[in-house]
Amino acid sequence: MDYRALGLKVGLEIHQQLATHKLFCEDASALVDAPGGLRFRRRLRPTQSELGEVDAAAIEEAKRRLTFVYETTPNVCLVEADEEPPHPPNPEALDITLEIALLLDAKPVSEVDFMRKIVIDGSNTSGFQRSALVALDGHLETNGKRIGVPTILLEEDAARKLGEAEGEVVYRLDRLGIPLVEIATTPDIKTPEEAREVALTFGSLLRATRKVLRGIGTIREDLNVSIEGGARIEIKGVQELRLIATFVEKEVERQRMLLEVAAELKRRGVRSVPAAVKDVTAVFRETQSKVVASASARGGAVLGWSLPGFAGLLKGRLGPELAAHARIAGVAGIFHSDELPAYGIIAPEVDAVRKALGTGPQDAFILVAERRTKAQAAIEEMIPRAQAAIQGVPPETREPRPDGTSAYSRPLPGKARMYPETDVPPIRVTRERLERIREHLPERPDVAVSRIVREYAIHEQLARQLVQEGTDELFELIAREFGEPRLVATVLLYNFGELRRESLDVDGIPVDHLRELFSLLKAGRFAKEALPDLLRAMARRGIRATEAIASLGVKGIARTELEAIVDAVLDESKDAIEARGEAAEKALMGKVMERVRGRADGKLVSEVLHERLAARLRGRKKEKNKEKKGKR
C-alpha cells in the first residue's frame with residue numbers, strides 16, 4: 001500500500017513511568033498483585049472548564065452512568081483516595097523529566113504549573129488527572145529524519161482497571177499517581193513501520209536515563225492517525241511495540257472503508273438519517289431468537305430504526321461502528337438487516353419488519369431488543385454516528401485490541417477539559433537546576449551503540465538491539481567481568497526474549513544472580529547449552545544459579561568422560577559410519593549432544609567427535625588395506 005499517496009500522518013504520544021516514588025505523595029511506585037485492601041465506591045460527573053465549557057468526552061462518559069469501585073493496596077494513601085490534598089510534587093520526577101527534555105534538545109519552561117485534566121472514566125478518583133507542561137520545541141533524529149517534539153509534560157498515571165460488570169467498574173489504586181513523562185511528537189511519521197521505529201527510538205532514549213520503570217505497561221503509546229480526507233483518530237494506550245505498525249495499518253484500512261462508504265452514500269443521494277423509531281415487538285411474538293425472546297421475557301421491546309440508502313453498507317463496515325455507540329447506552333448488541341435472517345430471526349420476520357418500517361431494497365434497518373428506555377437510548381446514540389457516516393470519518397478516541405484493531409471509546413477530548421490546579425503551587429525552574437542536570441546527562445543511544453561495537457567487538461545490530469531494549473548496561477557489566485560478549489548479548493537478547501514469550505519474568509532476575517550464573521559458566525560448572533534451562537528455572541522459581549544447577553542436575557563433564565560418551569555413540573553407529581563416512585558427523589553430533597546437553601560446550605563436543613571419528617575412519621581404512629594385501 002502506498003501510504004504516502006494516501007496522505008498518511010501519524011503522531012505519537014509516549015507515556016513513560018519514572019523510577020521514583022509517586023508524584024504527589026511518598027508511596028512507592030509499584031503494582032501489587034495480592035488483593036485484600038479496603039474498597040470504596042464513587043460516582044463521577046463532568047464539570048466545567050475555566051472557560052465555562054464542558055468537554056464532549058466527559059459528557060459521553062457521564063451517559064454510561066457507571067459506579068466505580070476502588071481497591072486500595074499497602075502503597076496507597078489518602079491522596080490517591082482523594083481524601084487528602086496532594087503533597088508537594090516529587091522533585092526527582094521533575095528532574096528526570098527535565099533531563100529527558102534536555103536530551104531531546106527541548107526548551108524547559110521557566111515555571112511549572114500543574115493543571116487539572118477532566119477524566120471521568122473512573123481511572124482517577126478525583127475525576128481529573130494532574131498534568132504540567134515542562135518543556136517545548138524538542139526533536140529527535142531517527143534514521144536520518146527529524147521528528148519534532150512540541151511538548152513534554154509531567155503527569156500522574158491513572159488507576160489500574162481490574163474488570164467491569166453491569167453498571168460497575170473495578171479499579172486498583174496502586175498505579176494511580178505514579179509519575180509519567182508524556183512526550184508528544186509532530187505528525188511527521190509517514191508509514192506504519194516508521195511509527196514503530198520512531199517509538200523504538202524514543203524508548204531507547206528514555207531507557208538511556210536509567211531512571212524509568214521497565215516491564216509491560218510501564219510505557220504506553222497513543223497513536224494519532226489520519227489519511228487525506230479522513231480525520232485524526234487517537235488510538236489510546238498501545239502497550240505492544242511490535243503491534244504499532246499493525247494498529248496504523250488497520251486504522252488506515254478503516255478510514256479508507258469509511259471514505260468509500262461516504263462516497264457510496266453520496267452516490268445514492270443520501271443526505272440525512274431519520275430519527276423515527278418504531279416498536280416492532282409484535283412481529284416477534286412467536287420468534288425463535290433467544291436474544292429477542294429473553295428481552296421480551298424481561299418486559300422489553302424490539303425497536304426498529306430505518307436507514308434509507310444504507311443497504312449493504314452495514315455488515316463488516318458501519319455495523320460495528322454503530323454497535324459501539326449502542327453500547328454507550330448499555331446495550332450489548334444490535335441486529336441489522338445486512339446480516340439477517342440469522343441469530344434465530346427468520347426470513348418472514350425480516351419481511352414483516354421491512355413492511356412495518358416501510359424500507360425498500362436500497363434501505364437498511366437496525367433492531368434493538370432491550371428494555372424500551374434502554375433500546376431508545378441506544379438508537380439515539382447511533383443516530384449521530386450514522387449521520388457522520390455520510391461525511392466520512394468522525395474524529396474520535398479508540399481503544400486498542402490484542403489483534404491490532406481498535407474499538408470506539410469516546411469523542412476526542414478538547415481544551416474544555418483543562419482548568420488550573422489550585423492545590424499545587426507553581427515551581428520555578430532555575431538556571432542552576434538545569435545546569436546541574438545538564439552536567440550529568442547520560443550517553444545518547446547512538447553514541448552508546450558505536451562505543452559498544454568498538455569496545456566489545458560485537459556486530460552493530462546486536463549493539464543496537466541491546467541499547468534499544470535498555471539491556472546495554474547489564475551487558476557491559478557482565479561482559480567486562482566474565483568476557484564472551486557475543487554470548488552475553490545472545491543471552492540477553494534472544495534467550496531472554498524466548499523466556500518472555502513464555503510469560504516468565506526474566507527481567508526480574510536480580511543482577512547478582514546473573515553475575516553468579518556467568519561466573520559459574522566461566523568456571524566450567526556447566527556448558528553454555530544449559531543457559532536457557534537454568535534461566536528458565538531461575539525466573540520461574542526465583543532461585544539463584546547454584547540452586548538451579550542443583551535442581552536440574554547440571555554439572556560439568558571431564559574430557560575423558562566426554563570421550564567415553566563419544567566412543568559409545570560411535571560404537572552404536574557403525575553402520576551409519578560405514579555407509580556415510582565423514583558425512584555422518586552432523587547426525588552423530590546430534591546424538592552426542594542429546595547425552596551431554598548442558599554439561600559440555602558444543603565447541604568441545606564437536607572437537608572431540610571430529611577427532612574420534614577421524615581416528616576411527618583412519619583405523620578402518622588401514623584394516624581395509626590389510627585385507628586387500630592379505631587377499632593378494
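For reference, positions follow the sequence shown, starting with 1.
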Open item on the list: I'd like to know whether T151 forms a side-chain contact (heavy atoms from CB on, under 4.5 Å) with I183, so could you lay out the CA-CA distance, the side-chain angles of the two residues, the decisive distance to 0.1 Å, and finally the verdict.
Closed with: CA-CA 6 Å; T151 59; I183 301 170; over 6 Å; no
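- Taking CZ of R4 as the reference point, atom NZ of K9 lies at 13.0 Å (rounded to 0.5 Å).
- Atom CD of E253 has more than 12 heavy atoms from other residues, nucleotides or ligands within 6.0 Å.
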TODO: Applying salt bridge (Lys or Arg N to Asp or Glu O under 4.0 Å), run through D188 and K145 and close with a yes or a no.
DONE: CA-CA 9 Å; D188 297 326; K145 184 173 181 177; over 6 Å; no
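- Ionic pairing of D507 and R500 is present here: one or more N-O contacts between side-chain nitrogen and carboxylate oxygen are shorter than 4.0 angstrom.
- Residues V248 and A195 approach most closely at CG2-CB, 4.2 Å, considering heavy atoms.
- Using a 30° and 60° split on the angle between ring planes, F40 and Y70 fall in the tilted class, from 30° to 60°.
- Taking all atoms of both residues into account, the shortest heavy-atom contact from P150 to T185 is CD-C, 3.8 Å.
- Ion pairing of E60 with R410 is absent here, as no side-chain N (NZ or NE/NH1/NH2) approaches a carboxylate O to less than 4.0 Å.
- A 6.0 Å sphere centred on CD of E141 holds more than 12 heavy atoms belonging to other residues, nucleotides or ligands.
- Looking at L318 and L258, their side chains come closer than 4.5 Å, going by heavy atoms from C-beta outward.
- L154 is not listed as a side-chain neighbour of V181, based on a closest heavy-atom distance of 4.5 Å or more.
- In plain terms, the two heavy atoms of L18 and L213 that are nearest each other are O-CG, 3.7 Å.
- Partner of S131 under the side chain to side chain donor-acceptor pair (under 3.5 Å) criterion, out of E156, E155, R116: E155 alone.
- Side-chain atoms of E349 and T287 form a donor-acceptor pair, as typed in the model, at a separation below 3.5 Å.
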Would you tabulate the side-chain donor-acceptor contacts of residues 368-376 under 3.5 Å, counting partners in other chains and residues two or more places apart, or write 'none'?
unit_1: R372; atom_1: NH1; unit_2: D279; atom_2: OD2; d: 3.0
unit_1: R372; atom_1: NH2; unit_2: D279; atom_2: OD2; d: 2.5
unit_1: Q376; atom_1: NE2; unit_2: E380; atom_2: OE2; d: 3.3

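- With a 4.5 Å cut-off on side-chain heavy atoms, T209 and L103 count as touching.
- Checking side-chain atoms of S204 against main-chain N and O of L200 turns up a donor-acceptor pair under 3.5 Å.
- The residues E339 and K315 are annotated as not salt-bridged, no charged nitrogen and carboxylate oxygen being separated by less than 4.0 angstrom.
- I120 is not listed as a side-chain neighbour of F128, based on a closest heavy-atom distance of 4.5 Å or more.
- Under the 4.5 Å side-chain criterion, counting only non-hydrogen atoms from C-beta, V261 is not in contact with F310.
- At least one donor-acceptor pair under 3.5 Å links the side chain of S296 to the backbone N or O of V292.
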Task: Stepwise salt bridge (Lys or Arg N to Asp or Glu O under 4.0 Å) test for E13 and R220 - done: CA-CA 8 Å; E13 291 177 23; R220 304 187 293 277; over 6 Å; no
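- Residues L223 and V238 meet the side-chain proximity criterion, which asks for heavy atoms closer than 4.5 Å.
- With R175 contributing its side chain and A159 its backbone, the two residues share a donor-acceptor pair below 3.5 Å.
- Distance check: I14 CD1 to L206 CG gives 7.0 Å after rounding to the nearest 0.5 Å.
- When the shell of 6.0 Å around CZ of R45 is examined, it contains 12 or fewer heavy atoms from other residues, nucleotides or ligands.
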TODO: Determine, step by step, whether I118 and T47 satisfy the side-chain contact (heavy atoms from CB on, under 4.5 Å) criterion, reporting the C-alpha distance in whole Å, the side-chain angles of both residues, the deciding distance to 0.1 Å, and the verdict.
DONE: CA-CA 8 Å; I118 297 170; T47 56; 3.5 Å; yes
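- At a threshold of 4.0 Å, the pair D222-R398 does not count as salt-bridged, since none of the basic side-chain nitrogens sits closer than that to a carboxylate oxygen.
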Open item on the list: Set out, in order, the CA-CA distance, both residues' side-chain angles and the distance that settles side-chain contact (heavy atoms from CB on, under 4.5 Å) for V283 and V302, then state yes or no.
Closed with: CA-CA 9 Å; V283 170; V302 183; over 6 Å; no
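- Side-chain atoms of S337 do not come within 3.5 Å of backbone N or O of A364 as any donor-acceptor pair.
- Not a single donor-acceptor pair under 3.5 Å links the side chain of R130 to the backbone N or O of M115.
- The aromatic ring centres of F365 and H336 sit 6.0 Å or more apart.
- The minimum heavy-atom distance between I366 and M382, with the atom names listed, is CG2-CE, 3.9 Å.
- Considering CD1 of I219 and CG of L241, their distance stands at 8.0 Å, rounded to 0.5 Å.
- D2 places none of its side-chain heavy atoms less than 4.5 Å from the side chain of L8.
- With hydrogens and angles ignored, the 3.5 Å screen pairs a side-chain donor or acceptor of Q387 with a backbone N or O of V273.
- In this structure, E264 pairs ionically with R268, as a charged nitrogen and a carboxylate oxygen lie closer than 4.0 Å.
- Residue I328 holds its CD1 atom at 5.0 Å from CZ of R64, rounded to the nearest 0.5 Å.
- For the atom pair OG1 of T405 and CD of E249, the computed distance is 13.0 Å after rounding to the nearest 0.5 Å.
- Dense packing is recorded around CZ of R385, with more than 12 heavy atoms of other residues, nucleotides or ligands lying under 6.0 Å away.
- Side-chain atoms of S226 and R232 include no donor-acceptor pair closer than 3.5 Å.
- To the nearest 0.5 Å, atom NE2 of residue H15 and atom CG of residue L153 are 8.5 Å apart.
- Checking T67 against E168 by side-chain atom types alone, no donor-acceptor pair falls below 3.5 Å.
- Looking at N124, its side chain never comes within 3.5 Å of a backbone N or O of G127 through a donor-acceptor pair.
- Considering K250, R256, M257 as possible partners of R254, the one that fulfils the side-chain contact (heavy atoms from CB on, under 4.5 Å) test is M257.
- Between Q391 and A262 the shortest heavy-atom distance is C-CB, 4.0 Å.
- Counting non-hydrogen atoms of neighbouring residues, nucleotides and ligands closer than 6.0 angstrom, the NZ atom of K278 reaches no more than 12 such neighbours.
- Remark: side-chain polar atoms of K107 are not paired, donor with acceptor, to backbone N or O of G138 under 3.5 angstrom.
- Defined by atom type and a distance below 3.5 Å, a donor-acceptor pair is present between the side-chain atoms of R146 and H139.
- Looking only at side-chain heavy atoms (C-beta outward), P411 and P395 stay at 4.5 Å or farther from each other.
- N224 places no side-chain N or O within 3.5 Å of a backbone atom of L12 that could act as its donor or acceptor partner.
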Open item on the list: Applying side-chain contact (heavy atoms from CB on, under 4.5 Å) to E399 and S406, what does each step give before you reach the verdict?
Closed with: CA-CA 5 Å; E399 293 181 353; S406 62; over 6 Å; no
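- Crowding of E286 atom CD: a count of heavy atoms from other residues, nucleotides or ligands under 6.0 Å not exceeding 12.
- In terms of modelled atom types and a separation under 3.5 Å, the side chain of K22 and the main chain of D174 share a donor-acceptor contact.
- Closest approach of F247 and I235 over heavy atoms only: O-CD1, 4.0 Å.
- Checking Y3 against E193 by side-chain atom types alone, no donor-acceptor pair falls below 3.5 Å.
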